[in-house]
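Below: one structure, written as structure tokens.
Quick note: numbers below take in every heavy atom, side chains included, and nothing from hydrogens, waters or symmetry partners. Since the structure is predicted, the reported quantities are computational estimates derived from the model, not experimental observations.
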Amino acid sequence: MSTATDTMQPGSLHAGGLRRVVIVLSITEITSWGVLYYAFPVLASSIVQEASWSMPAITAAFSVSQIVAALVGIPVGRIIDRRGPRAVMTFGSMLGVLSVLVIASAPSYPIFFLGWVCSGVAMAGVLYAPAFAALTHWGGAQRIRALTTLTLVAGLASTVFAPLTAALNNHLDWRQTYLILLVILTVVTIPAHWFGLRYRWVPHHPGATGPDAAGPRSVISSRAFVLLAVALCAAAFTTFAVVINLVPLLVERGLSTGEAAVALGLGGVGQVAGRLGYSAFAARTSAVARTVIICGAVAVSTALLAVVPGPMFVLIAISMIVGVVRGITTLIQATAVSDRWGTRGFGRINGVLSAPILVAAAVAPFAGAALAESVGGQGPAFLILSLIAVVAALAAIGTRPRAEYEESRAVQS
């Protein structure tokens with residue numbers, strides 16, 4: 001399907017077409033995240049009880065899926081640059097259905113593990129990275145608004161699918177629950193990706209000047225890109241370690257488990273608020289400045305959790321601030337490449353950038369828990385995590401691209 005172009009960027013969609021793509025991807029992201037990611041933590045205890053596999057074993061399989069998604073995301077980005085997201089995301093949905101079927105019917109742990117490996121490949125084709133590539137390419141000058149809308153709506157995945165999964169599991173075993181979720185994944189995502197992403201894709205061909213003359217490889221090997229990867233990896237590691245270990249920290253501070261869970265939930269409200277305010281924040285700051293500011297905010301908010309003993313309402317307020325920062329961090333990651341180097345070669349460049357970030361996010365929960373055990377509590381662990389975020393902020397200072405890259409990005413915009 002061909003579309004009119006209303007921005008200077010080749011291949012960008014008119015307002016109506018972009019709106020339809022945002023709606024399609026919002027629906028499929030909620031569903032894909034809900035079934036492939038958020039269902040697992042809800043069903044984990046049932047899997048341990050009913051399948052007699054240990055919690056470390058099944059969690060290891062889930063973590064491996066995240067690492068596989070990170071690695072597979074690199075070639076997926078290259079394919080999207082050349083051919084667009086339609087075939088990739090449709091195939092990813094089909095593979096996601098197959099992987100959930102393998103997981104749900106696994107007669108042994110090795111088959112269960114294999115199912116999660118396949119799920120990791122599927123995630124690379126259906127979660128945020130390909131959706132971000134699609135909206136960055138088709139969004140043109142409206143890409144920030146489109147990305148903000150997507151992350152706002154997709155952020156409801158846990159809100160929708162965690163209680164749905166729990167309700168199903170109250171009446172069915174974990175295998176039957178996964179099979180019901182498999183049907184939802186099939187009915188929603190496969191036709192939506194195939195029929196909803198049928199827009200013309202115009203590959204960005206290298207120009208005579210700017211970063212594309214040398215190709216994405218020159219961007220990936222640049223000092224600014226390496227420092228950006230370091231900054232976002234360190235920030236992601238701290239952020240995910242904090243989220244997973246926040247409830248144990250607040251319990252150490254004297255809150256009940258229920259109160260700590262409320263604080264964690266209100267952090268989700270802060271996350272939505274952060275994403276709502278991102279456009280205004282982006283309009284008033286440069287790409288480098290906002291990356292430094294947000295990495296610094298990760299450090300400060302984590303340190304506050306480490307040193308503030310209470311009372312409860314103060315700890316909840318800090319948790320909400322952590323949520324605001326976490327919400328903005330997602331959009332910082334989504335726009336980091338296009339804000340510095342433009343949209344040409346975005347899929348490949350962003351795939352390389354996303355890979356270590358996903359790995360950091362995958363290992364952070366375990367590393368955070370191990371850190372707390374080794375240093376004698378969550379408080380000292382959170383202080384160390386805040387120092388890691390300081391490293392992120394310092395690295396972010398050096399993420400300004402060379403002048404010729406900025407000139408090329410300005411022409412694209």
Option among Phe161, Tyr128, Phe62 that satisfies the ring pair (Phe, Tyr, Trp, His ring centres under 6.0 Å) test with Tyr37: Phe62
Where Ile318 and Ser301 come nearest, the two heavy atoms and their spacing: CG2-O, 3.9 Å
Worked verdict on Ser222 versus Arg340 for side-chain hydrogen bond (donor to acceptor under 3.5 Å, both in side chains): CA-CA 12 Å; Ser222 68; Arg340 289 168 173 80; over 6 Å; no
Arg348 (side chain) donor-acceptor with Arg217 (main chain) under 3.5 angstrom: no
Flag side-chain contact, heavy atom, 4.5 Å: Val391 against Leu387: no
CZ/Phe112: more than 12 non-hydrogen atoms of other groups inside 6.0 Å: yes
Minimum heavy-atom distance between Gly327 and Arg275, given as atom pair plus value: O-CG, 3.3 Å
Under 3.5 Å donor-acceptor, Tyr109 side chain and Ala57 backbone: yes
Enclosure of Tyr38 OH (heavy-atom neighbours >12, cutoff 6.0 Å): yes
Heavy-atom pair with the smallest gap, counting every atom of Ala381 and Ala372: CB-CA, 3.7 Å
Any donor-acceptor pair under 3.5 Å from Ser354 side chain to Gly351 backbone: no
Donor-acceptor under 3.5 Å (Thr239 side chain, Ala236 main chain): no
Heavy-atom neighbours of Glu252 CD exceed 12 at 6.0 Å: yes
Thr136 side chain vs Ala133 backbone, donor-acceptor pair below 3.5 Å: no
Step-by-step side-chain contact (heavy atoms from CB on, under 4.5 Å) determination, Thr302 to Val322: CA-CA 7 Å; Thr302 304; Val322 169; 5.7 Å; no
Nearest non-hydrogen partners of Met89 and Leu197, listed with the distance: SD-CD1, 3.9 Å
Any Val42 side-chain heavy atom under 4.5 Å of Asn169 side chain: no
Gln176 (side chain) donor-acceptor with Asp173 (main chain) under 3.5 angstrom: yes
Leu227 CG to Thr399 OG1 distance, which is reported to the nearest 0.5 Å: 7.5 Å
Minimum-distance pair of heavy atoms, taken over all atoms of Arg253 and Val307: NH2-N, 4.1 Å
Gap between atom CD1 of Ile30 and atom CD1 of Ile184 - 0.5 Å precision: 12.5 Å
From Leu353 atom CG to Leu228 atom CG, the distance as rounded to the nearest 0.5 Å: 5.0 Å
Side-chain donor or acceptor of Arg143 paired with backbone N/O of Gly140 under 3.5 Å: yes
Contact check, side chains of Phe346 and Trp341, non-hydrogen atoms, under 4.5 Å: no
Arg86 atom CZ, neighbour heavy-atom count above 12 within 6.0 Å: yes
Heavy-atom side-chain proximity of Phe113 to Trp116 below 4.5 angstrom: no
Approximate separation, where rounding is to 0.5 Å, of Leu385 CG and Thr238 OG1: 5.5 Å
Between OG on residue Ser32 and NE2 on residue His193, distance to nearest 0.5 Å: 5.5 Å
Flag side-chain contact, heavy atom, 4.5 Å: Leu181 against Val100: no
Closest heavy-atom pair and its distance - Gly296, Ala393: N-CB, 3.8 Å
Side-chain donor/acceptor of His137 to backbone N/O of Val202, under 3.5 Å: yes
Option from Leu315, Val314, Ile316 for which side-chain contact (heavy atoms from CB on, under 4.5 Å) with Met312 holds: Ile316
Worked check of side-chain contact (heavy atoms from CB on, under 4.5 Å) between Val300 and Ile321: CA-CA 10 Å; Val300 171; Ile321 293 171; over 6 Å; no
Close side-chain approach of Leu182 and Val35, heavy atoms under 4.5 Å: no
Stepwise side-chain contact (heavy atoms from CB on, under 4.5 Å) test for Thr151 and Phe132: CA-CA 10 Å; Thr151 56; Phe132 287 166; 3.8 Å; yes
Side-chain heavy-atom pair Phe40, Thr165 within 4.5 angstrom cut-off: no
Side chain Thr31, main chain Ile27, donor-acceptor under 3.5 Å: yes
Met320 CE: over 12 foreign heavy atoms closer than 6.0 Å: yes
Worked verdict on Leu185 versus Ile190 for side-chain contact (heavy atoms from CB on, under 4.5 Å): CA-CA 8 Å; Leu185 186 68; Ile190 295 176; over 6 Å; no
Interatomic distance, Leu250 atom CG to Leu305 atom CG [nearest 0.5 angstrom]: 7.0 Å
Pairwise side-chain contact, Phe237 with Val363, heavy-atom cut-off 4.5 Å (strictly under): yes
Greater than 12 external heavy atoms within 6.0 Å of Trp53's CH2: yes
